[in-house]
A.B. asks: 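Structure incoming, see below.
Heavy atoms only: backbone and side chains are in, while hydrogens, waters and symmetry mates are out. First the proteins, then the strands, lettered A, B, ... as listed; each starts at 1.
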Amino acid sequence: MSIRVRFAPSPTGVLHIGSVRTALFNWLFARHNKGKFLLRIEDTDKLRSTDENTKAIFEILKWLEIDWDDEPVIQSQNINRHKEVALDLIKQGKAYYCYCTPEELAAKKEAALKAGKSYKYDGTCRNRTDKPEGIEPVIRLKAENDGRTTVNDMVQGEVTIENSQLDDLVLVRSDGTPTYMLSVIVDDHDMGITHVIRGDDHLTNTFRQIQIYKACGWNIPEFGHIPLIYGPDGAKLSKRHGAASAQDYRTLGYLPEAISNYLLRLGWSHGDDEIISRKQAIEWFSFENVGKSPSRFDMAKLQNLNAHYIKERDNQSLLNYIIPFLNENLNEIQKKQILLGMNSLKERAKTVIDLAEGIQVYIEAPQHFDEACSKYATPNHLKWLEEVIEIINNMNPIIEKDLCEKVKELAKAQSTKLVEIAQAIRGALCGKLVSPSVFEIIEILGQDESVRRIENFIENFS
RNA sequence: GUCUCCUUCGUCUAGUGGCCUAGGACACCGCCCUCUCACGGCGGCAACACGGGUUCAAAUCCCGUAGGAGACGCCA
């Protein structure tokens, strides 16, 4: 039988980076096994679900190149089907109406907690025959009390629980809407899901869900519960750590291929391999190599991977990518210059934000000079810069290497070091003391613009 | 509290009883390269949570302990 998996986010907020990894693992598992990767939007929480969030989920998955098969299933459209299943279970005596009010249950729970006991629903209405007036009942599953249930999890291995731990979970709320527990099982069954791959936090839910499968007489799928991702401090990764959603990382200038590669290595490995292409990932992915322990999100490593993938991208693609990060539109000359300077720029960038900053040198002359520049604006430096202008004016066309040689000669003649003159030039061209080779920048910028900037620098510090 | 899971360098991990004096990557430190910053190259620091077993042999198997996490909703 062909493998069918699903990714089932709820559109109650942005896509958490941990969910993205779940999606990725599902996707890789499907692609590796030539199965289907389906998408299901779990929008049954009508209060918190929004269309915007749903659209954002589609958008970010596309951006990450996690494509899904078939049309996404919208869970809220299956509500009637879910209810039918619950009603059918009642007919079969496998579920029952429960008239306990939330208040009564809350009181029981509080009492249990006070007595230091764990709370579970006591089954008051299990064998109830009367129908109290004025109370809209919920539907509860008659869960098994005896024996034990074992799951052979693809990640966690064999996990067993005593059925006495389970209680009669609610299938349909008093307002007639199905609960998550019911909906998930019915939809997974109807969609023909063969493997449920999800976060570790669902592991204990699995035992409850198995009860539903059994009551319905359906096949139980395979499960794979992947460990959660924590923040650097070991607590659940959240906004508090700076960024928790895929969209956040996109905004911070991380490339989708870097995020995928990073997430893949978080919890999964293939020997000592670190840089892994999509193609290889599909070929290699298997649950045998998924780790059991949770991992911490390490921004530094993501950044390192990002720097790698920036270097790997071709210049035109990078330019296109950067444009939305810029405040201004680029003209053709600027684009041409940026493309010429891109090789040196991308060597230095960790993020696309870095790149966007780096290309400023080809967009406009410095608006101000960093404090540190003044160190290279002494009368001597300004004098040397006059000489540099001479050199530039006498060289046509400007060749980076030749220019460098000439300035080296100048430094020697002036009994100073190249760094002194180069830094002065850098300050003049960029307004700051960090950039690619100044000679390369002059070559790209051309005679007029370079001289203009250096003259402006001299004027500014005279 | 109850149940379940987890535990190898700071971080991600390799390791499936002898190949382990525990390997790689990121981070960090040093050196080289060098017009700055990066890149790159070379080198360094650094871990099997603890305690008992089993075995000729344990990071690897078993049992405890400690620590961490998750679940315990008419949320998903």
A.B. asks: Compare the minimum distances between each of B:C5, B:A71, B:A38 and the side chain of A:Asn205, then state the nucleotide with the smallest one.
C.D. replies: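 So the side chain of A:Asn205 is nearest to B:A71.
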A.B. asks: So what does A:Thr160 touch, heavy atoms closer than 4.0 Å: a base, only the sugar-phosphate, or nothing?
C.D. replies: sugar-phosphate
A.B. asks: Classify the side chain of A:Asp272 and the base of B:G23 as holding, or not holding, a donor-acceptor pair under 3.5 Å.
C.D. replies: yes
A.B. asks: Using a distance-only criterion (donor-acceptor N/O pair, under 3.5 Å, no hydrogens), is the base of B:C6 paired with the side chain of A:Lys292?
C.D. replies: no
A.B. asks: Mind checking if A:Val438 touches a base, just sugar-phosphate, or nothing, with heavy atoms under 4.0 Å?
C.D. replies: base
A.B. asks: With C1' as the reference atom in both, quote the distance from B:G30 to B:C35 in angstrom, rounded to an integer.
C.D. replies: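 Straight-line distance between the two C1' atoms is 23 Å.
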A.B. asks: Of the nucleotides B:U16, B:C37, B:U7, which one has an atom closest to the side chain of A:Val434?
C.D. replies: B:C37
A.B. asks: Base, sugar-phosphate alone, or nothing: which one does A:Ser49 contact when heavy atoms must sit under 4.0 Å apart?
C.D. replies: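 No contact.
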A.B. asks: Taking atom CD of A:Glu409 as the centre, does the number of heavy atoms from other residues, nucleotides or ligands within less than 6.0 Å exceed 12?
C.D. replies: yes
A.B. asks: If you look at every strand shown and take non-hydrogen atoms under 4.0 Å, does A:Lys417 touch a base, only sugar-phosphate, or nothing?
C.D. replies: nothing
A.B. asks: By the 4.0 Å heavy-atom rule, please label A:Val138 as base, sugar-phosphate, or nothing.
C.D. replies: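 It contacts base atoms.
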A.B. asks: Out of B:G70, B:C35, B:C6, which has the shortest distance to the side chain of A:Leu228?
C.D. replies: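 Selected nucleotide (nearest to the side chain): B:G70.
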A.B. asks: Quick check for you: among B:U7, B:C5, B:C35, whose closest atom lies nearest to any side-chain atom of A:Ala422?
C.D. replies: B:C35
A.B. asks: Does A:Ser174 reach a base, just sugar-phosphate, or nothing at all? Heavy atoms under 4.0 Å.
C.D. replies: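 The residue A:Ser174 makes base contact.
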A.B. asks: Let me know, please, whether A:Arg265 or A:Glu162 comes out on the 5' side of the other along RNA chain B by nearest nucleotide.
C.D. replies: A:Glu162
A.B. asks: I'd like to know if A:Arg348 reaches the base of B:C37 with its side chain, counting only an N/O donor and acceptor under 3.5 Å.
C.D. replies: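 Such a pair exists between side chain and base.
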A.B. asks: Please tell me which of the listed nucleotides, B:G24, B:G70, B:A27, lies nearest to the side chain of A:Ala300?
C.D. replies: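 Ranking B:G24, B:G70, B:A27 by closest atom to the A:Ala300 side chain puts B:A27 first.
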A.B. asks: Pairing donors with acceptors under 3.5 angstrom, does anything connect the side chains of A:Thr351 and A:Asn306?
C.D. replies: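 Absent: no donor and acceptor within the cut-off.
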A.B. asks: Contact class for A:Lys109 vs. all strands (heavy atom < 4.0 Å): base, sugar-phosphate, or nothing?
C.D. replies: sugar-phosphate
A.B. asks: Does A:Lys120 pair with A:Asp168 as a salt bridge, N-O distance under 4.0 Å?
C.D. replies: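 Salt bridge absent between A:Lys120 and A:Asp168.
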A.B. asks: Taking for each residue the nucleotide of RNA chain B bearing the nearest heavy atom, is the 5' side occupied by A:Cys100 or by A:Asn289?
C.D. replies: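 Looking at the nearest nucleotide for each, A:Asn289 comes out on the 5' side.
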A.B. asks: Nearest of B:C26, B:C5, B:C35 to any side-chain atom of A:Val419?
C.D. replies: B:C35
A.B. asks: Name the nucleic acid region contacted by A:Gly199, choosing base, sugar-phosphate or nothing; use a 4.0 angstrom heavy-atom cut-off, strictly under.
C.D. replies: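 Result for A:Gly199 = nothing.
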A.B. asks: Classify A:Glu274 by what it touches in the nucleic acid, base, sugar-phosphate, or nothing, heavy-atom distance under 4.0 Å.
C.D. replies: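 Here A:Glu274 touches the bases of the nucleic acid.
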A.B. asks: Closest to the A:Ile161 side chain: B:C3, B:C74, B:C26?
C.D. replies: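 Within the option list, the nearest is B:C3.
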A.B. asks: How would you label the contact of A:Leu433 with the nucleic acid (heavy atoms, under 4.0 Å): base, sugar-phosphate, or nothing?
C.D. replies: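 Touches a base.
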A.B. asks: Can you tell which of B:A76, B:G70, B:C39 lies closest to the side chain of A:Asp201?
C.D. replies: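 Nearest to the side chain of A:Asp201 among the choices is B:G70.
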A.B. asks: Contact class for A:Ser435 (heavy atom, under 4.0 Å): base, sugar-phosphate, or nothing?
C.D. replies: base
A.B. asks: For A:Phe25, is the NZ or CZ atom of A:Arg21 found under 6.0 angstrom from the centre of its six-membered ring and inside 45 degrees of the ring axis?
C.D. replies: yes
A.B. asks: What's the closest nucleotide to the A:Gln75 side chain, out of B:G70, B:A76, B:U36?
C.D. replies: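 That would be B:A76.
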A.B. asks: Classify the nucleic acid contact of A:His202 as base, sugar-phosphate or nothing, counting any heavy atom under 4.0 Å across all strands shown.
C.D. replies: base
A.B. asks: In whole angstroms, how far is the C1' atom of B:A69 from the CZ atom of A:Arg296?
C.D. replies: 11 Å
A.B. asks: Ignoring hydrogens and geometry beyond distance, is a side-chain donor-acceptor pair present between A:Arg426 and A:Ser435 at under 3.5 Å?
C.D. replies: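 A:Arg426 vs A:Ser435: donor-acceptor pair found between side chains.
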A.B. asks: Just how far, in rounded Å, is C1' of B:C12 from CD1 of A:Ile275?
C.D. replies: 13 Å
A.B. asks: Take atom CD1 of A:Ile185 and atom C1' of B:A76, then tell me their distance rounded to the nearest Å.
C.D. replies: 12 Å
A.B. asks: Look at all strands and tell whether A:Pro436 reaches a base, only sugar-phosphate, or nothing, counting heavy atoms closer than 4.0 Å.
C.D. replies: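 A:Pro436: base contact, heavy atoms under 4.0 Å.
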A.B. asks: Remember a base hit wins even if backbone is also touched, and classify A:Lys120 as base, sugar-phosphate or nothing at under 4.0 Å, heavy atoms.
C.D. replies: nothing
A.B. asks: Looking at A:Glu274 and A:Lys301, is there a salt bridge between them, counting it only when a charged N and a carboxylate O are closer than 4.0 Å?
C.D. replies: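 A salt bridge links A:Lys301 with A:Glu274.
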A.B. asks: Hey, is A:Glu104 close enough to A:Lys108 for a salt bridge, meaning N to O under 4.0 Å?
C.D. replies: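 Not counted as a salt bridge, because no side-chain N and carboxylate O are separated by less than 4.0 Å.
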A.B. asks: For A:Asp167, is there an ion pair with A:Arg140 - N to carboxylate O distance below 4.0 angstrom?
C.D. replies: no
A.B. asks: With hydrogens left out and only the distance checked, is there a donor-acceptor pair under 3.5 Å joining A:Glu347's side chain and the base of B:G40?
C.D. replies: no
A.B. asks: When you measure from the side chain of A:Arg208, which nucleotide among B:C72, B:C12, B:A76 comes out closest?
C.D. replies: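 Out of B:C72, B:C12, B:A76, the nucleotide with an atom closest to A:Arg208's side chain is B:C72.
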